[in-house]
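Here the structure comes first, spelled out in structure tokens, and everything after it is commentary.
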Amino acid sequence: MTIPTTGRPEVLPPARWAVWAAWATPLSLLPSSVWRVTVGFTDGHTAPEIVYMVALSCVMMGVAFLTVGLVRPWGEIFPRWIPGAAGCPVPARAVTRIARVGAVLIILITLYGVLNNIFGFVDDPPGNLIGDQEKYDEPPAWVNYLYLPAAAWGFLVLAVAGDYARRMAGRVPGPVADTPRSNAATGV
């Protein structure tokens with residue numbers, strides 16, 4: 001690793017597969033999110049149900065888009081517009097742990113959903129999130145294909161987080177110095 005004028009080791013570039021996997025993460029949720037929002041507006045749902053469906057889709061897409069930060073510069077150093085943290089390195093260990101825990105939770109939730117769909121552990125949810133829910137028609141079987149790409153979400157995040165951890169392993173935490181290296185560091 002070379003040491004640039006900031007006095008910190010350079011961060012390795014992300015692997016090409018990691019960049020593709022990071023961008024595939026939000027794209028894997030897009031079909032199910034679009035279907036959920038469309039159904040909310042077309043199947044006679046109440047306003048709170050529509051808000052819930054839109055909010056759920058937006059939050060899921062937003063969280064999935066954070067995976068892109070693991071392969072972009074804004075996932076390595078805080079941007080200038082963030083007060084108090086501008087120019088400081090993003091805490092790589094914390095980011096890696098959060099990404100890995102989130103990925104495992106997503107995998108477990110997906111696995112539970114698939115197994116519940118196959119074996120029918122729970123017919124009705126234990127509580128209604130929006131109050132009294134009306135009974136709507138069961139969605140057609142082809143809707144399962146819209147949710148199929150979302151099953152890759154957790155695995156994609158786990159893979160990209162592994163690449164991020166590999167790249168950040170040699171980086172020293174702390175603010176990035178704007179001053180040149182001292183004479184002792186340069187040997188001059």
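Not measured: the values here are computed from a predicted model.
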Which atom names give the shortest non-hydrogen contact between [X] and [Y], and what distance separates them?
| X | Y | value |
| --- | --- | --- |
| Gly75 | Val90 | O-CB, 3.6 Å |
| Pro89 | Phe78 | O-CE1, 3.8 Å |
| Pro26 | Trp23 | CD-O, 3.4 Å |
| Arg167 | Pro13 | CD-O, 3.3 Å |
| Ala92 | Met168 | CB-CB, 3.5 Å |
| Ala86 | Arg80 | CB-O, 3.4 Å |

Side-chain heavy atoms under 4.5 angstrom apart, residues restricted to Ile, Leu, Val, Met, Phe, Trp, Tyr: same cluster for [X] and [Y]?
| X | Y | result |
| --- | --- | --- |
| Leu29 | Val34 | yes |
| Leu27 | Met61 | yes |
| Val157 | Leu30 | yes |
| Leu56 | Val51 | no |
| Tyr52 | Val59 | yes |

[Y] backbone acceptor or donor facing [X] side chain under 3.5 Å:
| X | Y | result |
| --- | --- | --- |
| Thr67 | Ala64 | yes |
| Tyr164 | Glu76 | no |
| Glu49 | Thr46 | yes |
| Arg166 | Pro14 | no |

Rounded to the nearest 0.5 Å, how far does [atom2] of [Y] lie from [atom1] of [X]?
| X | Y | atom1 | atom2 | result |
| --- | --- | --- | --- | --- |
| Arg72 | Leu66 | CZ | CG | 14.0 Å |
| Ile82 | Ile77 | CD1 | CD1 | 12.0 Å |
| Phe155 | Thr110 | CZ | OG1 | 7.5 Å |
| Leu115 | Leu108 | CG | CG | 10.5 Å |
| Leu70 | Leu156 | CG | CG | 12.0 Å |
| Met60 | Trp153 | CE | CH2 | 4.5 Å |

Trace of the side chain to side chain contact (heavy atoms under 4.5 Å, CB included) decision for Met53 with Val37: CA-CA 6 Å; Met53 288 187 220; Val37 170; 5.6 Å; no

Would you call His45 and Val39 a side-chain contact if the rule is heavy atoms closer than 4.5 Å?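 A side-chain contact exists here, since the closest heavy-atom pair is under 4.5 Å.
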
Is there side-chain contact between Val68 and Thr25, with at least one heavy-atom pair below 4.5 Å?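 They are not in contact (no side-chain heavy atoms under 4.5 Å apart), so the answer is no.
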
If the plane angle is over 60° it's perpendicular, under 30° parallel, otherwise tilted; pick one for Phe65 and Trp74.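 Rings of Phe65 and Trp74: parallel, as their planes differ by under 30°.
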
Does the side chain to side chain contact (heavy atoms under 4.5 Å, CB included) test come out yes or no for Leu148 and Asn144, once each step is laid out? CA-CA 6 Å; Leu148 191 59; Asn144 289 328; over 6 Å; no

